[in-house]
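Here's the structure we're looking at; comments come further down.
Every number for a ligand or one of its atoms is a count from 1 in the order of the listing. Computed over heavy atoms, backbone and side chain alike; hydrogens, waters and symmetry mates excluded. The shown structure was predicted, so the numbers you read here are calculated from the model rather than taken from an experiment.
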Amino acid sequence: MAVYTEVSDDELDEFVAQYDIGAVVSCKGIAEGVENTNYLLQTDRDSFILTLYERRVNPAELPFFIGLMEHLAARGLACPSPIQGRDGAILRSLCGRPAALVSFLKGVWHRRISLNHCAELGPAMAEMHLKGADFPLTRRNNLSVEGWRGLFEAIRPRAGEIKEDLAERIAAELDFLEANWPKTLPVGLIHADLFPDNVFFLGDRLSGLIDFYFACTDFMAYDIAICLNAWCFEADGAFNATKARLMLNGYRRVRPLSAEELDALPLLARGAALRFLLTRSYDWLNTPAGAFVKRKDPMEYYRKLVFHQGVGGPGEYGIE
Ligand SMILES: Nc1ncnc2c1ncn2[C@@H]1O[C@H](COP(=O)(O)OP(=O)(O)OP(=O)(O)O)[C@@H](O)[C@H]1O
Ligand SMILES: N[C@@H](CCO)C(=O)O
C-alpha cells in the first residue's frame with residue numbers, strides 16, 4: 001500500500017479551497033504504487049488524483065515531471081493533466097510534503113498481457129516520443145549506463161544472497177555494456193518505466209499512460225527496449241516474439257525506426273534488463289521481507305538478461 005501521509009479533513013479542505021474544482025465528496029487513499037502517497041479525490045464536479053511526493057522523489061525535479069505532463073496533455077496525449085490552483089500554481093505543499101493535483105484517467109491496467117495490449121502500446125509510446133520531442137526541459141537518465149556501476153557496487157557484497165554467482169555475472173555484463181553502449185541514437189523524452197501498471201485500458205483500447213516520475217532524456221529506442229522486457233515475456237519466462245512484433249510494428253507506423261535503432265535493440269534490451277535487475281536487487285536486499293511494500297523479483301530480470309544475451313539480431317524480436 002502507499003499511503004505514507006494521512007491528510008486530515010481540515011488540511012484537505014484548506015488545500016482544495018485553493019482550486020476551482022468544486023466541493024469535496026470523498027477522498028480515498030490508493031493502495032497501489034510504492035513511491036508516493038496517492039488519493040482519489042472526488043468533488044461534486046470531477047475526479048482527481050492528489051499526490052504527496054515522499055522521500056524518494058527529489059523536489060528539485062518536480063517541475064520537470066509536472067511540466068512534462070502538462071506539455072504532453074496539452075498536445076493531446078492521454079496522460080494525467082496537472083491542475084492549476086486559482087493562483088496559477090500547480091505544485092504546493094500539503095502536510096509538509098510537496099503536493100499536486102492531476103486529472104483522473106479512466107481505465108484499468110492488466111496483469112495478463114494480451115497480443116492486443118502490445119499492439120496498442122506501440123503507437124501510444126511512439127506518440128509520446130513525438131509529442132515529447134519539443135519539451136524544452138531535459139533530465140539526465142541516472143539509471144542508464146553511467147548509473148549502473150554505482151548501483152552494482154552497492155549490491156555487490158550481498159549479491160550472492162540472490163544468486164551465488166550474480167556479482168560475477170553482472171560484472172561481466174557491465175564491462176560489456178559500458179564498452180559497447182551506443183552513443184549516437186536519436187535522443188528524446190522517454191518514460192523509462194512504461195510497465196503494464198503504468199498503462200491503462202478501457203475495454204480493448206489503451207486509455208492512458210501514467211507515472212512519469214522516471215521520465216528523462218535518453219535514446220527513444222531505450223524506452224522500446226524497456227517495454228520489450230516488461231511486456232513481451234510470458235509468466236513462464238518465455239519470450240513472445242508475436243507480442244514484440246505487434247508492439248514494434250505499431251510503434252514504427254507512428255515513428256519509423258532507423259536501421260541503427262533496430263540494430264541496437266538487442267543491446268539496449270540487455271541494458272534495460274540489467275537496469276531492472278540492479279534496482280530490484282538493491283530493493284530486495286534493502287527492504288525487510290515483512291515490509292508493506294512488496295519486493296519485486298530480481299531473478300525475473302536476470303532471466304530476461306540471459307535471453308537477450310542470446311539474441312543474434314533484431315529479427316529475433318519479430319521484425320520482418
Ligand atoms: N491520473 C491517474 N488517474 C487514475 N489513476 C491514477 C492516476 N495516477 C495514479 N493513479 C492510481 O494510483 C496508483 C499509483 O500511482 P503511481 O503508479 O503513479 O504511484 P507511485 O507511488 O508513484 O508509483 P510506482 O511505485 O508505481 O512508481 C496507480 O496504479 C493508479 O491506480
Ligand atoms: N517498474 C519497476 C519498478 C519501478 O521502477 C520494476 O518493475 O522493477
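Using the six-membered ring where Trp is involved, W148 and W181 have ring planes that are perpendicular, over 60° apart on the 30 and 60° scheme. By the 30° and 60° cut-offs, the orientation of the rings of F307 relative to F233 is perpendicular.
Under the 3.5 Å distance criterion, the side-chain polar atoms of N141 are left unmatched by any main-chain donor or acceptor of T217. With hydrogens and angles ignored, the 3.5 Å screen pairs a side-chain donor or acceptor of S207 with a backbone N or O of K106.
Not a single heavy atom of L40 sits closer than 4.0 Å to an atom of ligand 1. Residue contact check for ligand 1: F195 places no non-hydrogen atom closer than 4.0 Å to it. Contact between S47 and ligand 1 is absent, with no heavy atom of the residue lying under 4.0 Å from the ligand.
When non-hydrogen atoms are compared, ligand 1 lies under 4.0 Å from the backbone of N36 as well as from its side chain. Contact annotation: for L105 versus ligand 1, heavy atoms closer than 4.0 Å belong to both the backbone and the side chain.
Remark: minimum distance from atom 25 (O) of ligand 1 to any protein heavy atom is reached at V34 N, 2.6 Å. With hydrogens left out, the protein atom closest to atom 29 (O) of ligand 1 is E32 OE1, 3.5 Å, a heavy atom.
For the residue pair D223 and A192, the shortest heavy atom distance occurs at OD1-N, 2.8 Å.
Within ligand 1, the atoms closer than 4.0 Å to a non-hydrogen atom of F104 are 3 (N), 4 (C), 5 (N), numbered from 1 in the order shown. Residue F200 has at least one heavy-atom neighbour below 4.0 Å for each of these atoms of ligand 1: 4 (C), 5 (N), 30 (C). Residue N198 approaches ligand 1 through these ligand atoms, each under 4.0 Å from one of its heavy atoms: 17 (O). Near S103, meaning under 4.0 Å from any of its heavy atoms, are these atoms of ligand 1: 1 (N), 2 (C). Ligand-side atoms of ligand 1 in range of I30: 11 (C), 12 (O), 13 (C), range being under 4.0 angstrom from any heavy atom. Using a 4.0 Å cut-off to heavy atoms of P80, the atoms of ligand 1 that qualify are 1 (N). Under a 4.0 Å criterion applied to the non-hydrogen atoms of I210, ligand 1 contributes the atoms 9 (C), 28 (C).
No donor-acceptor contact under 3.5 angstrom links the side chains of R275 and Y222, judged on distance only.
L12 has its side chain within reach of L50: a pair of non-hydrogen atoms, C-beta onward, lies under 4.5 Å apart. Side chains of W109 and H117 form no contact here, defined as non-hydrogen atoms less than 4.5 Å apart.
Once rounded to the nearest 0.5 Å, the distance linking OH of Y213 with NE2 of H191 reads 10.0 Å. Between the CD1 atom in I224 and the CG atom in N229 there is a gap of 12.5 Å [rounded to 0.5 Å]. Here the OG atom belonging to S81 is positioned 13.0 Å from the NE2 atom belonging to H71, to the nearest 0.5 angstrom. Here the OH atom belonging to Y301 is positioned 13.0 Å from the CG atom belonging to L278, to the nearest 0.5 angstrom.
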Check: every ligand 2 N/O to protein N/O pair under 3.5 Å:
{"unit_1": "ligand 2", "atom_1": "1 (N)", "unit_2": "D193", "atom_2": "OD1", "d": "2.7"}
{"unit_1": "ligand 2", "atom_1": "7 (O)", "unit_2": "R280", "atom_2": "NH2", "d": "2.7"}
{"unit_1": "ligand 2", "atom_1": "8 (O)", "unit_2": "R280", "atom_2": "NE", "d": "2.8"}

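In summary, the aromatic rings of F104 and F48 are positioned with their centroids too far apart to meet the 6.0 Å limit. Taking the six-membered ring for Trp and the full ring otherwise, the centers of F276 and F195 sit less than 6.0 Å from each other.
In this structure, of I49, T37, N38, V57, the residue bringing a heavy atom nearest to atom 19 (O) of ligand 1 is N38.
The shortest N or O to N or O distance between Y213 and ligand 1 is not under 3.5 Å. Annotation: D211 places an N or O atom under 3.5 Å from an N or O atom of ligand 1; distance criterion only.
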